[in-house]
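Because the structure is a prediction, the values reported are computed rather than measured.
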Amino acid sequence: MSHIQRFPSAAKAASTNPLKMSQPLGAALAYLGVDRCLPLFHGSQGCTAFGLVLLVRHFREAIPLQTTAMDQVATILGGYDNLEQAIRTIVERNNPAMIGVATTGVTETKGEDMGGQYTLFRQRNPDMADTALVFANTPDFAGGFEDGFAAAVTAIVERLVEPSPVRIPTQVNVLAGCHLSPGDVEELRDIIEGFGLSPIFLPDLSLSMAGRQPSDFTATSLGGVTVDQIRAMGASAITIVVGEHMRVAGNALELKTDVPSHFFNRLTGLEATDKLVRLLTELSGKPAPARLRRQRESLVDAMLDGHFFYSRKRIAVALEPDLLYAVTGFLADMGAEVIAAVSPTQSPVLERLKAATIMVGDHSDVETLARDADLIVSNSHGRQGAARIGVPLHRMGLPLFDRLGAGLRVQVGYRGTRELLCEIGNLFLSREMDHESHAHGQDRHGHDNHGESHGCGGGSCGCNAV
């Protein structure tokens with residue numbers, strides 16, 4: 001690996017097109033995967049408003065998110081009174097099953113003792129004992145989206161999961177990282193249930209963020225893993241942990257319940273999915289369902305068909321660390337060369353990336369590193385930079401606000417890997433066809449282009465071409 005260049009961070013005074021998202025936002029997404037939960041930001045109203053807009057634009061759903069509305073005086077003197085009043089108001093008006101509290105930079109700079117405040121609230125409000133409360137420290141001036149998500153899941157495990165003297169041999173815990181979309185979680189549920197097993201996902205975004213039409217307005221999350229299911233996770237046979245950032249939560253669950261953990265750094269790709277299927281086969285004592293066998297055959301055939309278009313392609317990837325690892329690993333499997341892997345934050349998983357240049361940076365760094373690339377893989381914020389350098393953009397991650405169905409995409413398992421393979425392969429194929437048309441003086445519709453086409457694949461570079 002001596003050819004790899006590693007930079008600890010970008011040497012810039014300011015981030016001009018940020019890739020990084022904050023810890024509280026990650027915590028809010030984790031809380032939204034719990035049924036009848038109301039995430040609460042312990043900070044100013046502005047902190048909540050920005051996070052709310054980003055999640056609404058990505059999922060195109062109503063997002064329940066509350067704030068303790070800290071002002072300057074409360075920030076300096078301490079925010080417990082605001083926190084207690086906010087929780088009491090939420091319980092009286094909305095009666096949620098759980099309230100998930102995430103701190104912000106305002107309260108963390110002051111230094112709030114969240115453990116002590118939890119204890120104090122329980123002592124002063126015994127009438128609210130039936131409402132589950134989870135407090136997580138998520139300073140937005142440190143770490144990033146994955147760190148906040150992991151902190152919230154770990155706090156849920158430590159606060160709610162209960163040890164069990166019995167084991168249910170068919171019950172499986174799945175700690176699903178934030179790099180898994182609601183569609184990914186639903187796909188994993190189908191795979192696990194195909195072996196006759198009953199999965200409990202924490203968090204379960206497939207039930208709350210995949211799009212539903214409630215008959216009445218609800219101020220809390222609609223669907224997700226229930227508080228009772230979380231408490232019952234101690235009776236499961238195993239825990240499947242997906243993503244490096246979920247390792248701490250997996251260790252906390254194993255330490256508390258003695259349920260053995262099985263770690264998966266990615267579930268995108270043939271070999272990674274084979275590993276999961278082998279585990280489920282051993283646990284259930286049943287062979288892989290015929291549907292999975294057909295999907296595997298189809299993926300192998302797609303890899304054979306598509307590897308011509310991936311071979312020697314130069315790709316730059318800018319995503320959250322665990323999704324970055326999954327995508328770069330998949331691209332390397334297909335024979336592509338990842339010339340740049342840009343992460344918003346430091347993570348142990350960066351040490352295992354297969355890329356020529358690995359750095360912590362933002363979209364402006366991607367723009368610099370990807371000038372001679374064939375493709376950029378990043379979220380919707382990368383579209384302007386891709387358009388400026390004329391490189392196609394394949395959108396992944398969060399936020400995706402300029403495409404429909406962002407939360408429904410499937411990129412795990414045999415089926416999801418096949419879909420990802422075809423999506424990216426079609427961008428390469430489209431670009432080749434555009435170049436052929438351009439060389440013959442025609443646009444992609446067969447008309448004379450008179451030099452007007454720039455071969456971006458119909459707006460795939462981020463332009464407004466139709």
With sequence neighbours left out, the residues meeting side chain to side chain contact (heavy atoms under 4.5 Å, CB included) with F309 are F428, L429, E432

Side chain to side chain contact (heavy atoms under 4.5 Å, CB included) filter on R122, not counting sequence neighbours, yields Y118, L133

Q117 and L83, any side-chain heavy atoms less than 4.5 Å apart
yes

Q. Do the side chains of H394 and L375 get nearer than 4.5 Å, heavy atoms only?
A. yes

Please check this pair: side chain of [X] against backbone of [Y], looking for a donor-acceptor N/O pair closer than 3.5 Å.
X: Y31; Y: V101; answer: yes
X: S208; Y: L222; answer: no
X: T104; Y: H42; answer: yes
X: N379; Y: G397; answer: no
X: K256; Y: V161; answer: yes

Just grab all the salt bridge (charged side-chain N to carboxylate O under 4.0 Å, His left out) pairs involving [range], residues at least two apart or on different chains.
range: residues 29-47; result: none
range: residues 179-188; result: E186-R189, E187-R415
range: residues 320-334; result: R266-D333
range: residues 126-141; result: R88-D127

Worksheet item: In terms of side-chain heavy atoms, does D362 have a donor or acceptor partner in S364 at a distance below 3.5 Å?
Response: yes

Can you confirm whether the side chains of T220 and N94 place a donor and an acceptor under 3.5 Å from each other? no

Sorted by chain and residue number, the side chain to side chain donor-acceptor pair (under 3.5 Å) partners of T48 (sequence neighbours excluded) come out as T67

My understanding is that only residues two or more places apart in sequence, or in another chain, count here; which of them pass ring pair (Phe, Tyr, Trp, His ring centres under 6.0 Å) with [X]?
X: F201; answer: none
X: F401; answer: H381
X: H179; answer: H245

Residue pairs meeting ring pair (Phe, Tyr, Trp, His ring centres under 6.0 Å), one or both in residues 339-362, sequence neighbours left out, come to none

The single option from D81, N82, T89 that satisfies side-chain hydrogen bond (donor to acceptor under 3.5 Å, both in side chains) with Q85 is T89

message = Pair Q123, T119 - check side chain to side chain donor-acceptor pair (under 3.5 Å), show working.
response = CA-CA 6 Å; Q123 290 172 349; T119 304; over 6 Å; no

Please list, one pair per line, the donor and acceptor atoms closer than 3.5 Å that link side chains of residues 406-414 to other protein atoms, with sequence neighbours excluded.
| residue | atom | partner | partner atom | Å |
| --- | --- | --- | --- | --- |
| R409 | NH1 | R395 | O | 2.3 |
| Y414 | OH | D274 | OD1 | 2.4 |

